[in-house]
Amino acid sequence: MSTGPIRLSQGAHTALRPATAARITGGFWAARRRVNAEVSVPQGPDRLERAGNLANLRAAAGAAPAQSGFRGDFPFQDSDVHKWLEAASWQLADGGERPAEELARQVERLAGLVTAAQAEDGYLQTHYQLGPDARRWAEPHWGHELYCAGHLLQAAVAHHRATGADGLLDVAVRCADLVDATFGPGRNETVCGHPEIETALVELYRETGERRYLDLAGYFVDRRGQGSLGDGPADGSPGPRPGAAYWQDHIPVREATAVAGHAVRQLYLLAGAADVAAETGDAGLRDALVRLWEDMTTTKTHLTGGVGPRHELESFGDAYELPPDRAYAETCAAIAAIHFGWRMALLTGESRYSDLVERTLFNGFASGVSIDGERWLYVNPLQVRQDDDSRKDATSGRSAHRTPWFRCACCPPNVMRLLASLPHYMASGDAQGLQLHQYASGSYEAGGGAVRVGTGYPWEGRIAVVVDTAPRDTDWTLSLRIPHWATAYEATVGGEPVAERADNGWLRLRRRWRPGETVVLSLSLTPRLTRPDPRADGVRGCAAIERGPLVYCLEQPDQPAGLRLDDIALDPDATLSAEHRPELLGGVTVITSLALRHAVARDGWWPYRDGGAGSAGGARPGLDTGGAEALDPVPVTAIPYYAWANREPGAMRVWTPLQPPAG
C-alpha cells in the first residue's frame, strides 16, 4: 500500500510523516486482514442490501419507487455505505493474491448508486431526500448530515487514491462545496451533533489542494463549544436532554481540560482537530489535544484501550469510572481512539501515543470482529457474569454476544476500513530516517530508506528488521519503539549488541547502513499480573493477566467443569505459564495458572457480614472473602481478550479478585 488515510501536505507541521509505502505480509495482522478481505468486506454489499441502505440510494436516484419512504431506523444509514466504500477502496489499493475483479465491480456499483443519488446542488443524505416532511440542516443534533458527508468525503479520497478515478471524488467535491456555501460566519453557524466532517475536510484539502476545505474544518473545530447546540433535544427515547457536553458543545476545544460526552463524537472531533493543527501549525490547539489525550489515557481508558464506560449515551464518565461489567467500550470508540492516537504520534513524534494505539489495536479493537470475520461486537465489556444476558439493548440490538449485523451498523464497516488500511499505521519517516511504531511482518519505506520486518509478534518477542536500502555515505536512523510494558529488551545489529539505549520509548540506531544489515530486537514476553489504579472502584482489589501487548481474560469454556468465575481469586504467588496452542481460536498463546476457589457460606437470608472493628478488630487488608472458606487451588486458563465470545456464550472476566497474603 503506497498510500493511506492520511496524506500530509508538503508544508504540514508534524514531527513525523506516514510511510510512503507499507505492506503487511505475514503473522497476526496479516491473518486478520486476510479474513477481512476474504470474508467481511465481500459480505458488505449483501448486508447493506438487506438492511435497506442500498434501496434508499436507488430511491433517491429515482431508480426505485420512493413511496415507501426511507428504510431503516437511523438517519445516518448512508454512512454505512460510505464506510464500506472506503474499506473496499483501501483493499483494492492493498492488492494481494486474490483476484480483485469482483471487489472492483462491487465498488463501482455502489459508487454509482451514491453518484446517482446525489442531488443536483451536491446534497446527499437519503433520509432527508426521501422523507416527505424532512428539511435539510434543520436537525443538527440528531440528523448527522455533516457526519454522513464526512464519511462520503473519506470514501471518495480513498477511492481516488486507490483507483485514480475522479468520479466519486467529484461527488465529494460537490458535496463539500455545498457545505462550504451553507455553513460559516454569517450563514448557518451551527455544527453537526456528530463530528466527522472536520477530519474529512482536511483530507479533501490534502487531496485537492483547495484551501477552503481546511479553513472550513478549522471553523467547525473552533465553533464547537460556542453554544450552537446547547443541551439539545432528546432523541425520542425516555429521559432528559443529553446536555451540551454530550456533543462537546459545553466548552471550546482549546479550553477543555477533560474528554466528555459521547466517546466516538469526542474522539472524532479530536482527530479532526489534530488534522487541523498538523496543517496549520496551531500550537495552542496542539497543546489542548495533548492535555485531552492525557486526561483520557490516565483516567478514562480501560486496560484493553477501550473507552466510553457508560451505556447511557455511549459516553465517557467521571475520572476512574471504569466498571468492568458495565463497560460499554464501543468498537467504534476504539477505532476513533486509534485515529486520534496515530495523528498525535505523527504530530509530536512521541512513542506513548503509539503505545496506546498498540494496546487498543490488539485488545479493544480486535475483539470487535469474530475470528471468522462473520460476527461483530458493538460493546466490549471486561466482564460478563454467569448466565447473564441482561446487557441486551432492545432498541439497537447490541449485546455482549456477537451478531451478524446491527440495526445501527456503524461498527462493522468501521472495522473493515481500519483493517483494510492498517499498513498505514505501522511506520513513519522524517529527515533522519524511519520509525517502526507497530510490529508486523512486512515491508516499509519512509525517510529515504526501506526495511523488511519478520516477526511472530505478539506470540513471540523477536523482531528482525533487515535494512534493504538507506542513503549512501551518510548516517541514517532506524528507530524502534520499545513498548511501555517491556521491562526488558535486547537489540543487536549484525549479531553484535548495540550500545544505544532507549530514550522516551524510542531505540534510535543511527549509523551508515549497508544493504542487508539486520537488526534483531528481542522483547521479553513474560506473563505478568497488572493491578489497577486504586481509584478505579469497580476493580479495586483485582488483577489482570497480560503478556506482551495482549490483555488476557478468563472465559468459561476453558475452565474446569463446575468452576464459576465469580468464585475464584488469583494467587499472586502462583506461576503464570505461557503455552501456544495452534489449534485453539485460530492459534493463540494461553496463560495457565492456579487460582483459589471459595465456597461462600450461606447461613441466613442476609448476604452481608461483619467486617471487623476497624483498627481495633484488625480486619485484613486486600480481598475480603466474607467468611469464605478457601478450598484447594484450581487450574485456570486465560485466553487473549480479543478472542473471547467466539464460542458458546458464557461468563468472562478480565479483572479477577486477588487473594491477599495470609496472616
Side-chain angles (χ1 to χ4, degrees), residues 302-304 322-327 363 367 381-391 400 527-532 534 536-547 550-579 581 584-585 588-603 607-609 611 619-663:
H302 288 283
L303 185 67
T304 57
L322 297 167
D325 50 346
R326 293 299 300 167
N363 302 290
S367 61
L382 280 71
Q383 180 179 358
V384 175
R385 299 185 185 279
Q386 205 83 26
D387 305 320
D388 179 18
D389 196 29
S390 63
R391 302 175 57 81
R528 62 193 186 274
L529 286 181
T530 299
R531 299 177 190 241
D537 297 308
V539 291
R540 186 180 293 119
C542 294
I545 298 171
E546 295 188 273
R547 180 176 184 264
L550 296 175
V551 174
Y552 279 71
C553 68
L554 299 176
E555 192 177 23
Q556 196 65 55
D558 303 299
Q559 314 314 322
L563 179 65
R564 293 177 60 91
L565 297 185
D566 290 343
D567 295 339
I568 64 172
L570 295 177
D571 183 349
D573 297 322
T575 300
L576 299 173
S577 301
E579 175 190 340
R581 296 183 182 176
L584 179 66
L585 295 167
V588 297
T589 294
V590 303
I591 307 298
T592 59
S593 188
L594 292 176
L596 297 173
R597 176 169 49 186
H598 296 277
V600 180
R602 301 294 184 192
D603 56 359
Y608 301 100
R609 300 179 178 277
R620 194 169 67 187
L623 173 69
D624 182 359
T625 59
E629 177 186 358
L631 301 181
D632 292 335
V634 292
V636 293
T637 300
I639 63 169
Y641 171 78
Y642 78 81
W644 83 280
N646 277 278
R647 295 167 290 185
E648 69 271 17
M652 178 277 295
R653 67 187 310 160
V654 169
W655 293 106
T656 303
L658 194 62
Q659 175 72 11

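Only a predicted model underlies this, so the values are computations on that prediction, with no experimental measurement involved. Throughout, residue positions are numbered sequentially from 1 according to the sequence presented.
Atom OG1 in Thr304 sits 9.5 Å away from atom CG in Leu322 (nearest 0.5 Å). Note: Tyr552 OH to Leu303 CG = 13.0 Å, rounded to the nearest 0.5 Å. Atom NE2 in His302 sits 13.0 Å away from atom CG in Asn363 (nearest 0.5 Å). For the atom pair CZ (Arg531) and CG (Leu529), the distance works out to 7.5 Å, reported to the nearest 0.5 Å.
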(Q) Walk me through whether Arg647 and Leu584 qualify under side chain to side chain contact (heavy atoms under 4.5 Å, CB included). (A) CA-CA 11 Å; Arg647 295 167 290 185; Leu584 179 66; 3.8 Å; yes
Q: Evaluate side chain to side chain contact (heavy atoms under 4.5 Å, CB included) for Gln383 paired with Asp566, printing each intermediate quantity in order.
A: CA-CA 10 Å; Gln383 180 179 358; Asp566 290 343; 4.0 Å; yes
Q. When you look at Leu382 and Val539, which way does the side chain to side chain contact (heavy atoms under 4.5 Å, CB included) test go after all the steps?
A. CA-CA 10 Å; Leu382 280 71; Val539 291; over 6 Å; no
(Q) With side chain to side chain contact (heavy atoms under 4.5 Å, CB included) as the criterion, how do Ser577 and Ile591 come out once you've worked through the C-alpha distance, each side chain's angles and the decisive distance to 0.1 Å? (A) CA-CA 5 Å; Ser577 301; Ile591 307 298; over 6 Å; no
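Salt bridge Arg653/Asp325: absent, no basic N to carboxylate O contact under 4.0 Å.
Nearest heavy-atom pair, Gln559 versus Val636, reported as atom, atom and distance to 0.1 Å: OE1-CA, 3.3 Å. Residues Arg564 and Ile568 approach most closely at O-CG2, 3.8 Å, considering heavy atoms. The two residues Tyr642 and Val588 come nearest to each other via the heavy atoms OH-CG1, 3.5 Å. Residue Leu563 comes nearest to Pro635 through the heavy atom pair CD2-O, 4.3 Å, listed as atom of the first residue, atom of the second, then distance. Of all the heavy atoms in Trp644 and Ser367, the pair that sits closest is NE1-CB, 4.4 Å. Across all non-hydrogen atoms, the minimal contact from Ala569 to Leu658 is CB-C, 4.5 Å.
Checking Gln556 against Gln386 by side-chain atom types alone, a donor-acceptor pair falls below 3.5 Å.
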